[in-house]
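These numbers come from the heavy atoms of this one structure, side chains and all, not from hydrogens, waters or symmetry mates. Remember, it's 1-based here, ligands and their atoms both numbered in the order they're listed.
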Amino acid sequence: MRKPMMAGNWKMNKTVAEATALAGQIVELTSGYTNVDRVICPTFISLSAVKAAVGSAPIGVGAQNCYWEESGAFTGEVAAAMLAGLAEYVIIGHSERRQFFGETDETVNKKTKAALTAGLTPIVCIGESLAQNEAGETQSFVSGQVRGALEGLSGEQVQSLVLAYEPIWAIGTGLAATSQQAGDICGGVVRATVRELYGEAVAEATRVLYGGSTKPGNIAEIMQQPDIDGALIGGAALDGKSYGEMVRITSEVYQK
Ligand code: PEP
């Protein structure tokens with residue numbers, strides 16, 4: 001049985017003080033829901049303060065990016081190994097990084113390998129654009145992204161990471177995919193590609209999240225999809241109460 005995960009991607013939001021306060025609120029609001037993995041991903045500069053605010057509470061902290069080299073002349077970058085002690089997770093290949101910062105399947109693969117080597121759990125994002133969706137290219141494109149991200153990884157490594165299917169047209173738009181659509185791609189494309197590459201046991205063990213305009217009002221339906229193991233949450237994770245509510249609802253869905 002895969003444990004559900006609610007991962008909050010805070011993007012480029014919250015000052016250090018605001019991030020610290022939000023982390024404290026999340027610890028308070030979600031401490032009872034231990035059947036859900038909770039992960040919060042602030043900006044790099046807030047990692048240390050958020051880690052301290054989380055303290056011994058079982059809430060994971062994640063970065064939103066990392067670089068694959070260990071050190072050197074790479075101005076502005078942060079090595080995966082440098083995140084050790086500050087984070088347990090790292091989001092890799094978010095569509096905003098692919099769109100605005102030139103990330104490709106190849107760099108996503110390098111970052112994923114570096115994260116795993118550093119002992120971090122990568123949350124690897126994949127998802128098609130509206131144009132690709134409308135052209136009927138979702139399956140081939142998303143499957144290709146999964147293959148690109150996982151190139152050269154062992155089955156053991158793959159089942160330790162998290163894949164997040166995030167259709168670009170649903171991110172920050174208020175237009176969530178229907179739970180059926182999201183479940184079909186998470187199962188029929190993302191998990192199916194893992195199955196094709198690594199076999200049934202690895203596919204069944206690998207967590208696949210959905211992301212794109214999730215909120216308290218639609219999370220129950222989304223979490224009822226058998227191939228969706230959680231959500232990568234943007235906007236709704238910036239508010240402690242709405243994130244806490246999504247954790248509570250997920251916890252209930254999984255008790256049934
Ligand atoms: C995201 O950016 O990963 C995301 C899913 O954003 P939102 O929930 O705001 O659509």
Side-chain angles (χ1 to χ4, degrees), residues 4-14 18-19 22 26 30 36-44 46 50 60-66 87 89-103 108 111-112 115 121-130 132-133 138 141-142 145-146 149 161-179 181-183 185-186 189-190 207-223 225 227-250:
M5 174 183 286
M6 289 288 118
N9 173 13
W10 294 359
K11 309 195 186 190
M12 197 176 73
N13 293 295
K14 307 286 178 193
E18 289 166 347
L22 179 56
I26 286 171
T30 70
V36 179
D37 274 346
R38 291 142 283 154
V39 179
I40 51 179
C41 305
T43 62
F44 281 131
S46 292
V50 164
V61 175
Q64 299 172 15
N65 183 28
C66 67
Y89 296 85
V90 57
I91 298 171
I92 292 178
H94 189 279
S95 61
E96 286 151 15
R97 295 216 55 87
R98 294 182 191 249
Q99 267 181 297
F100 306 135
F101 302 101
E103 298 211 6
V108 168
K111 290 180 179 198
T112 302
T121 300
I123 301 175
V124 181
C125 302
I126 62 255
E128 82 287 0
S129 67
L130 183 60
Q132 288 164 328
N133 185 279
T138 299
F141 184 75
V142 172
Q145 282 187 320
V146 172
L161 58 69
V162 178
L163 291 165
Y165 168 60
E166 301 205 301
I168 297 171
W169 48 270
I171 296 179
T173 58
L175 283 177
T178 64
S179 55
Q181 270 174 322
I185 303 297
C186 286
V189 180
V190 180
R207 286 191 283 190
V208 180
L209 312 184
Y210 165 74
S213 297
T214 56
K215 52 190 181 205
N218 61 16
I219 198 67
E221 205 188 315
I222 286 167
M223 291 309 298
Q225 290 291 321
D227 275 305
I228 298 183
D229 306 314
L232 182 55
I233 311 158
L238 292 172
D239 178 80
K241 283 195 186 138
S242 85
Y243 175 80
E245 192 55 7
M246 291 171 81
V247 171
R248 183 191 67 75
I249 293 166
T250 300

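Between Thr173 and Ser213, some side-chain heavy-atom pair lies under the 4.5 Å cut-off. Contact check for Tyr165 versus Cys186: side-chain heavy atoms found under the 4.5 Å cut-off. Looking only at side-chain heavy atoms (C-beta outward), Ile219 and Tyr210 stay at 4.5 Å or farther from each other. In this structure, the side chains of Val208 and Ile228 stay at 4.5 Å or more apart for every pair of heavy atoms. Within the 4.5 Å cutoff, the side chain of Asp37 has no heavy atoms near those of the Met6 side chain. Here the side chains of Lys241 and Met246 are not in contact, with every heavy-atom distance at 4.5 Å or above.
Where the criterion is an N or O separation shorter than 3.5 Å, residue side chain and backbone included, Gly234 meets it with respect to ligand 1. For a threshold of 3.5 Å applied to N or O pairs, the pair formed by Thr173 and ligand 1 contains no separation below that value. Inclusion of Gly172 in the set of residues having an N or O under 3.5 Å from an N or O of ligand 1 is warranted.
Remark: ligand 1 atoms within the under-4.0 Å shell around heavy atoms of Leu232 are 3 (O), 5 (C). The distance from ligand 1 to the heavy atoms of Ala170 drops below 4.0 Å at these ligand atoms: 10 (O). The contact set between ligand 1 and Asn9, taken as ligand atoms under 4.0 Å from a residue heavy atom, comprises 2 (O), 3 (O). If you number the atoms of ligand 1 from 1 as listed, the ones under 4.0 Å from a heavy atom of Gly212 come out as 5 (C), 10 (O).
The protein non-hydrogen atom at the shortest distance from atom 1 (C) of ligand 1 is His94 NE2, 3.2 Å. Summary of contacts: the protein heavy atom closest to atom 5 (C) of ligand 1 is Glu166 OE2, 3.1 Å. For atom 9 (O) of ligand 1, the closest non-hydrogen atom on the protein side is Gly235 N, 2.8 Å. In terms of protein heavy atoms, atom 2 (O) of ligand 1 is closest to Lys11 NZ, 2.5 Å.
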Assess the residue pair Ile233 and Asn9 against the criterion (side-chain contact (heavy atoms from CB on, under 4.5 Å)); give the C-alpha distance rounded to whole Å, side-chain angles, the decisive distance to 0.1 Å, and a yes or no. CA-CA 6 Å; Ile233 311 158; Asn9 173 13; over 6 Å; no

Give the intermediate values and the outcome of side chain to side chain donor-acceptor pair (under 3.5 Å) for residues Glu245 and Ser242. CA-CA 5 Å; Glu245 192 55 7; Ser242 85; over 6 Å; no

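Looking only at atom types and distance, the side chain of Glu128 has a donor-acceptor partner in the side chain of Trp169 under 3.5 Å away.
Both the backbone and the side chain of Ile171 come within 4.0 Å of ligand 1, judged by heavy-atom distances. Heavy atoms of Cys125 found under 4.0 angstrom from ligand 1: none, in either backbone or side chain.
Heavy-atom separations between Ala236 and ligand 1 are all 4.0 Å or longer. Between Lys215 and ligand 1 there is no heavy-atom distance shorter than 4.0 Å.
Between Glu103 and Lys111 there is a salt bridge, since a side-chain N of the basic residue sits under 4.0 Å from a carboxylate O of the acidic one.
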